[in-house]
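Below is one structure, written out as structure tokens; comments come after it.
Reminder, nothing fancy here: chain letters follow the sequence lines and each chain counts from 1. Below, each value reflects all heavy atoms present in this structure, side chains not excepted, and no hydrogens, waters or symmetry copies. Please read all numbers here as calculations on a predicted model, not as lab measurements.
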Amino acid sequence: MVVWTDQERACIQDIFSKLNYEDAGPKALQRALIVYPWTQRYFASFGNLYNAEAIMSNPKVAAHGIVVLHGLDRAMKNMDDIKNTYAELSVLHSEKLHVDPDNFRLLADCLTIVIAATMGSSFTADVQAAWQKFLAVVVSALRRQYH
Amino acid sequence: MLSNTEKELIVQIWDKMIPVAEDIGSEALLRMFTTFPKTKTYFSHLDISPRSEHLRCHGKKIVQALAEGARNISTLTTTLAPLSRFHAYQLRIHPTNFKLLNHCILVTLACYMGENFTPVAHAAIDKYLSAFSAVLAEKFR
């Protein structure tokens, strides 16, 4: 059972309230595909991912980035039961999409960097710690249904 | 594998960090200690509270070493040999911790550089930090 302090809850809600899903989502996914190129293996149907410029102007990548962020939104709205909220998503990533779960942390790290770049100095060490705890729970929930 | 463009980018970025080495270094360390508390176990001999003199001094050393490595990327093994021995035989830090500090360095750079910390810059620095850590861990066994 994950225990959230009031301060952690407030931090996470605050970040999401300031987040522009249509901006951060695409940026995070683009960054993962550029910084960790092996993650491109899951997006063969997205067309041109040949270089950073292509990835950053690819509409399918942008659209999918937004989907991912809306998925995270669900976790934020169900912070006390992320495990069960994500059960189906976990099965999907394992059985249908066959994604190596080690890659979840990479996308999580890229999203953290995007948020850090947007929030600047207000993304303090304490805020970062709370945010990364949230993402760690999300990643753990996504990993659960891999057998 | 770093391209020439990436090597130049890396030098440019770290050169900009030298004048603010204490700020950047201490912030990265503080982020690491806050997000990954187990990393504090290596610093029981220092005062690592926010804005402490020890934290700023230690942070500065790290950034200066990174900046020097950046200027000598093709000879990292030679340039870092003393630091490498130090980390292997004296500090004996569990190797997984390098990634934790590297990540916090990236977050610090992102906060500091904002939009200028582009995906391409991020990739170059991440690769550089991985190479740097690999040299520091080289003599571990």
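Among the candidates P37(B), A110(B), G114(B), the residue making the largest number of heavy-atom pairs closer than 4.5 Å to chain A is A110(B). Interface remark: of the candidates T35(B), L30(B), V120(B), T35(B) forms the most heavy-atom pairs closer than 4.5 Å to chain A. Put simply, of V35(A), I115(A), I34(A), D109(A), the one with the most heavy-atom pairs under 4.5 Å next to chain B is V35(A). Per-residue heavy-atom pair counts under 4.5 Å with chain A were compared for A124(B), C104(B), P119(B), and the maximum is reached by P119(B).
Annotation for K7(B): atom NZ counts as buried by contact number, over 12 foreign heavy atoms lying within 6.0 Å. Within a 6.0 Å radius of NZ in K40(B), no more than 12 heavy atoms belonging to other residues, nucleotides or ligands are found. Few gaps surround CZ on R9(A); more than 12 heavy atoms of other groups in view lie less than 6.0 Å from it.
L106(A) and Y42(A) sit in two unconnected hydrophobic clusters of ILVMFWY residues. Membership requires side-chain heavy atoms under 4.5 Å apart, directly or through other members. Under the 4.5 Å side-chain heavy-atom criterion for ILVMFWY residues, no single connected hydrophobic cluster contains both V91(A) and V138(A). When the side chains of ILVMFWY residues are joined at heavy-atom separations under 4.5 Å, either directly or via intervening members, V114(A) and V68(A) end up in two distinct hydrophobic clusters. Hydrophobic cluster membership is shared by L92(A) and F104(A), with clusters built from Ile, Leu, Val, Met, Phe, Trp and Tyr side chains linked at under 4.5 angstrom. Hydrophobic clustering (side-chain heavy atoms under 4.5 Å, transitive across Ile, Leu, Val, Met, Phe, Trp, Tyr) groups F43(A) together with L97(A).
Proximity to chain B (any heavy atom under 4.5 Å) is shown, for K133(A), by neither the backbone nor the side chain. No part of Y112(B) comes within reach of chain A, as not one of its non-hydrogen atoms sits under 4.5 angstrom from that chain. Heavy-atom distances place the backbone of T118(B), and not its side chain, under 4.5 Å from chain A. For a residue to count as touching a neighbouring chain, one of its non-hydrogen atoms must lie under 4.5 Å from one of that chain's; by this rule T124(A) touches chain B with the backbone only.
Contact between L106(B) and I113(A) at its shortest, heavy atoms only, is CB-CD1, 3.4 Å. In terms of heavy-atom proximity, Q132(A) sits nearest to F36(B) at NE2-CZ, 3.8 Å.
Put simply, CZ on R31(B) and CZ on F123(A) are 6.5 Å apart, with the number rounded to the nearest 0.5 Å.
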| query | Can you check side chain to side chain contact (heavy atoms under 4.5 Å, CB included) on Q128(A) and H103(B), steps first, answer last? | reply | CA-CA 11 Å; Q128(A) 180 187 346; H103(B) 171 69; 4.1 Å; yes
